[in-house]
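Okay, so here's the structure we're looking at.
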Amino acid sequence: PALGLFLFTIARDPLRIIILIAGAFFWLVSLLLSSLIWFIAVKASDSRDVPLQKGLLIFGVMFSVLLQETFRFLYYKLLRKAIEGLVALSEDGCSPISIQQMAYVAGVGFGLMSGAFSMINLLADALGPGTVGIHGDSQLYFLTSAFMTMVLIFLHTFWGILFFHGCEHRHWWEIMAVIVMHLAVSGSTFCNPLYVGSLVPSYILMTIAAAWAYLLSGGSAQNLWRFLLCKS
């Protein structure tokens, strides 16, 4: 599904590809900084203190979420400046791409880079040693991880739309809603290997975020119904 989003809505437009790659780069920088801070914290602490290490892991995840949203805000500010430059250079005084389209493409960029790193980690685990479920644990590790990766890609896409809309109209509750949802989804992963505890809430939040982003983008129930019936 994520590949379909890229091929059908982004791949044919060079400007959208540039925005997507830049968004992926911003997410990558946020991951690098959060990983560096977590690595320093782990090395500076007692590795034999299990509760402390678990607390540092929770701190690292929460800090990473906040850093990602900070870089999403910085990327919004950058794109806002880019729109002003595009308007100044255009002959008709109009930007070739709207802020709503930028929000969507930037969200896809964040999501695809997040999904790529999740996939790399899974492939590294798949190399072994050992077999999934050999000690009686769930054998659905790779399947559930694939579904979790997909939901995170879509969530980042919808969060991008909500976040940019909140920044554009100064609706700070929309920005806070994105941060809270991001923290909730990331925190739910600590329920694993009880995968129901992470997948079900994540997909519920994805449905809510999708409906919200659809309405903010100008969608309506009538438009959705006409789309399903293939009516123009």
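Note that the structure is predicted; figures quoted are calculated from it, not measured.
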Q: Determine whether Leu74 and Phe110 fall in the same hydrophobic cluster, where Ile, Leu, Val, Met, Phe, Trp and Tyr are linked whenever their side-chain heavy atoms lie under 4.5 Å apart.
A: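 Leu74 clusters together with Phe110.
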Q: Spell out, yes or no, whether Leu123 and Leu143 are grouped together once hydrophobic residues are joined by side-chain heavy atoms under 4.5 Å, including indirect joins.
A: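 No, no single cluster joins them.
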For [X] versus [Y], what's the shortest heavy-atom pair and its separation?
X	Y	answer
Trp38	Gly60	CD1-CA, 3.9 Å
Val65	Ile179	CG1-O, 4.5 Å
Met148	Ser188	CE-OG, 4.4 Å
Leu205	Ala184	CD1-CB, 4.0 Å
Ala41	Leu56	O-CD1, 3.8 Å

Q. Under 30°, 30 to 60°, or over 60°: which ring-plane class applies to His156 and Trp27, parallel, tilted or perpendicular?
A.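 Ring orientation of His156 relative to Trp27: perpendicular.
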Q.
Can you classify the ring geometry of Tyr75 versus Phe26 as parallel (below 30°), tilted (30 to 60°) or perpendicular (above 60°)?
A.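 The arrangement is tilted - the two ring planes meet at 30° to 60°.
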Flag, side chain of [X] to backbone of [Y], donor-acceptor distance under 3.5 Å:
X	Y	value
Tyr214	Leu224	yes
Ser64	Val61	no
Thr189	Ser186	yes

Q.
Please enumerate all residues that pass side-chain hydrogen bond (donor to acceptor under 3.5 Å, both in side chains) together with Asn121, with sequence neighbours excluded.
A.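 For Asn121 there are no side-chain hydrogen bond (donor to acceptor under 3.5 Å, both in side chains) partners, ignoring immediate neighbours.
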Q. Got a sec, which residues hit salt bridge (charged side-chain N to carboxylate O under 4.0 Å, His left out) with Arg170, two or more places apart in sequence or on another chain?
A.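 Residues passing salt bridge (charged side-chain N to carboxylate O under 4.0 Å, His left out) with Arg170: none at all.
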Q. Which residues pass the salt bridge (charged side-chain N to carboxylate O under 4.0 Å, His left out) test with Asp13, sequence neighbours left out?
A.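 With neighbours one apart ignored, the set is Arg16.
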Q) Would a 4.5 Å heavy-atom cut-off, applied to side chains only, mark Val185 and Trp159 as touching? A)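 Yes - at least one pair of side-chain heavy atoms lies under 4.5 Å apart.
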(Q) Could you check whether Thr9 and Tyr104, counting side-chain N and O atoms only, form a donor-acceptor pair closer than 3.5 Å? (A)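 Tyr104 vs Thr9: donor-acceptor pair found between side chains.
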Q | Of Ile10, Ile153, Ile19, the residue whose pairing with Val108 passes side-chain contact (heavy atoms from CB on, under 4.5 Å) | A |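 When side-chain contact (heavy atoms from CB on, under 4.5 Å) is applied between Val108 and each of Ile10, Ile153, Ile19, only Ile10 qualifies.
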